[in-house]
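First comes the structure, then the notes that go with it.
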Amino acid sequence: MPLLIQEVPVTNAPMELLLLADPSEDKIRSYLLRSKCFVASSGAVVVGACVVQLRGTDSHELMSIAVHPAHQKTGYGTELLKWVIEYYRNSGARQLEVGTGTFGHQLAFYQRHGFRVTSIDRDFFVKNYPEPIFEDGIQLFDMLRLTLRYSVNVV
Ligand SMILES: CC(C)(COP(=O)(O)OP(=O)(O)OC[C@H]1O[C@@H](n2cnc3c(N)ncnc32)[C@H](O)[C@@H]1OP(=O)(O)O)[C@@H](O)C(=O)NCCC(=O)NCCS
């Protein structure tokens, strides 16, 4: 079934999906109101979602992207990410940023699509979350900031 990707009002954002990417509902709610939310549906089923926030005049940040666990590793995440990249390219954006952990498949996921590491936010996950966060049994400490610059990246 082809994937339908569309913007939805942030009040209809699928929180259970967004929590897969960010364990803090408070944090998600705090950035959701100043963001756009896009959902990916297969038939009547919402299988993925992402949230993007405007940063400055022509820079945007991918705050969150997630695919329902039952549908992961089937290409939906890639399709959603590519769609969002093209959406902002067509809107005239200069760049799209994202923050992620320093290891794991998510890092490859972004770099495969042209994102490059631009900085490290040391201890981000310790300073910004009340509980330690683990990925593949390893505690997340630092956040890598990645940027896709439209002028120099070909996707
Ligand atoms: C990151 C995420 C959105 C990717 O979505 P997806 O639909 O599974 O991605 P795709 O099926 O398009 O796969 C993309 C690549 O990632 C790999 N991948 C996806 N999940 C993986 C996993 N758990 N372990 C290892 N590799 C994985 C796929 O094998 C694929 O690699 P390939 O192109 O070499 O075959 C999804 O794993 C997810 O929702 N994770 C939880 C939330 C999250 O971590 N969000 C990102 C926060 S920074």
Side-chain angles (χ1 to χ4, degrees), residues 2-42 46-68 71-72 74-129 133 135 140-155:
L3 209 56
L4 173 68
I5 301 173
Q6 58 190 342
E7 185 179 355
V8 296
V10 291
T11 45
N12 293 351
M15 186 57 71
E16 70 287 356
L17 281 183
L18 300 179
L19 282 166
L20 296 170
D22 185 336
S24 167
E25 185 164 341
D26 286 348
K27 274 195 190 309
I28 296 170
R29 292 203 183 283
S30 74
Y31 59 68
L32 207 47
L33 291 175
R34 292 169 284 121
S35 304
K36 283 181 186 283
C37 179
F38 304 96
V39 298
S41 311
S42 174
V46 172
V47 295
C50 70
V51 174
V52 181
Q53 188 173 84
L54 178 65
R55 298 271 177 170
T57 51
D58 54 4
S59 181
H60 302 262
E61 179 167 354
L62 180 60
M63 306 298 290
S64 169
I65 182 166
V67 169
H68 189 286
H71 299 277
Q72 288 176 9
T74 61
Y76 287 156
T78 296
E79 207 172 323
L80 181 56
L81 182 63
K82 282 174 141 176
W83 188 94
V84 168
I85 289 171
E86 289 313 306
Y87 177 94
Y88 283 96
R89 185 197 304 282
N90 293 334
S91 80
R94 179 173 51 89
Q95 62 181 31
L96 189 58
E97 297 177 34
V98 70
T100 191
T102 49
F103 57 88
H105 66 93
Q106 294 92 339
L107 190 52
F109 178 64
Y110 297 121
Q111 297 204 41
R112 200 176 278 126
H113 296 284
F115 286 84
R116 300 274 304 273
V117 175
T118 39
S119 62
I120 303 171
D121 196 339
R122 278 188 72 82
D123 289 321
F124 175 90
F125 293 105
V126 188
K127 289 177 185 158
N128 289 278
Y129 292 88
I133 303 174
E135 185 89 36
L140 283 175
F141 289 99
D142 312 312
M143 174 188 268
L144 284 184
R145 305 280 317 166
L146 291 90
T147 304
L148 184 153
R149 295 202 169 97
Y150 285 110
S151 51
V152 293
N153 281 289
V154 178
V155 178

Evaluation steps, side-chain contact (heavy atoms from CB on, under 4.5 Å), between Ser35 and Val52
CA-CA 5 Å; Ser35 304; Val52 181; 6.0 Å; no
Atom pair CG/OH of Leu148 and Tyr110 - distance to nearest 0.5 Å
12.0 Å
Output every pair passing ring pair (Phe, Tyr, Trp, His ring centres under 6.0 Å) with a member in residues 11-42, not counting sequence neighbours, ordered by first then second residue.
Phe38-Trp83, Phe38-Tyr87
Looking only at heavy atoms, what is the nearest atom pair of Gly77 and Ile65, with distance?
O-CD1, 4.2 Å
For Val47, check side chain to side chain contact (heavy atoms under 4.5 Å, CB included) against everything at least two apart and list the hits.
Leu3, Ala40, Ser42, Val45, His71, Tyr76
Interatomic distance, Thr102 atom OG1 to Ile120 atom CD1 [nearest 0.5 angstrom]
8.5 Å
Quickly, which of Leu96, Thr100, Leu107 forms a side chain to side chain contact (heavy atoms under 4.5 Å, CB included) with Phe115? Name it, please.
Leu96
Assess whether side-chain contact (heavy atoms from CB on, under 4.5 Å) is satisfied between Asp123 and Asp142, documenting all intermediate values.
CA-CA 5 Å; Asp123 289 321; Asp142 312 312; 4.0 Å; yes
Taking the side chain as every heavy atom from C-beta outward, state whether Ile85 and His113 have any atom pair closer than 4.5 Å.
yes
Please determine whether side-chain contact (heavy atoms from CB on, under 4.5 Å) holds for the pair Leu62 and Leu81, giving the CA-CA distance in whole Å, both sets of side-chain angles, and the decisive distance to 0.1 Å.
CA-CA 9 Å; Leu62 180 60; Leu81 182 63; 3.8 Å; yes
Check: Tyr129 main-chain N/O paired with Lys27 side-chain donor or acceptor under 3.5 Å:
no
Working for side-chain contact (heavy atoms from CB on, under 4.5 Å), residues His68 and Gln72:
CA-CA 6 Å; His68 189 286; Gln72 288 176 9; over 6 Å; no
Do Met63 and Arg55 have side chains that get closer than 4.5 Å, going by heavy atoms?
yes
Consider only side-chain N and O atoms of Glu97 and Thr147, and report whether a donor and an acceptor are under 3.5 Å apart.
no
Among residues at least two apart in sequence or on other chains, which ones pass salt bridge (charged side-chain N to carboxylate O under 4.0 Å, His left out) with Glu135?
none
Closer than 4.0 angstrom, basic N to acidic O: yes or no for Lys82 and Glu86?
no
What's the spacing between Phe124 CZ and Ile133 CD1 if we round to 0.5 Å?
8.5 Å
Which pairs of donor and acceptor atoms, one on a side chain in residues 6-18, lie under 3.5 Å apart (sequence neighbours left out)?
none

Should we count CG of Leu54 as having more than 12 external heavy atoms under 6.0 Å?
yes
Measure the spacing between OG of Ser24 and CZ of Arg29 and express it to the nearest 0.5 Å.
10.5 Å
Sequence neighbours excluded, the answer for salt bridge (charged side-chain N to carboxylate O under 4.0 Å, His left out) partners of Asp58 is Arg94
Please round to the nearest 0.5 Å and tell me the distance separating atom CD of Gln95 and atom CZ of Arg149.
5.5 Å
Listed by chain and number, what are the salt bridge (charged side-chain N to carboxylate O under 4.0 Å, His left out) partners of Glu79, not counting sequence neighbours?
none
Considering only NZ, NE, NH1 and NH2 on the basic side and carboxylate oxygens on the acidic side, decide whether Glu61 and Arg145 come within less than 4.0 Å.
yes
Calculate, to the nearest 0.5 Å, the distance between atoms CZ and OG1 belonging to Phe109 and Thr78 respectively.
5.0 Å
Do Ile5 and Leu80 have side-chain heavy atoms sitting under 4.5 Å apart?
yes
Which word best sums up how the rings of Tyr88 and His60 line up, parallel for under 30°, tilted for 30 to 60°, or perpendicular for over 60°?
tilted
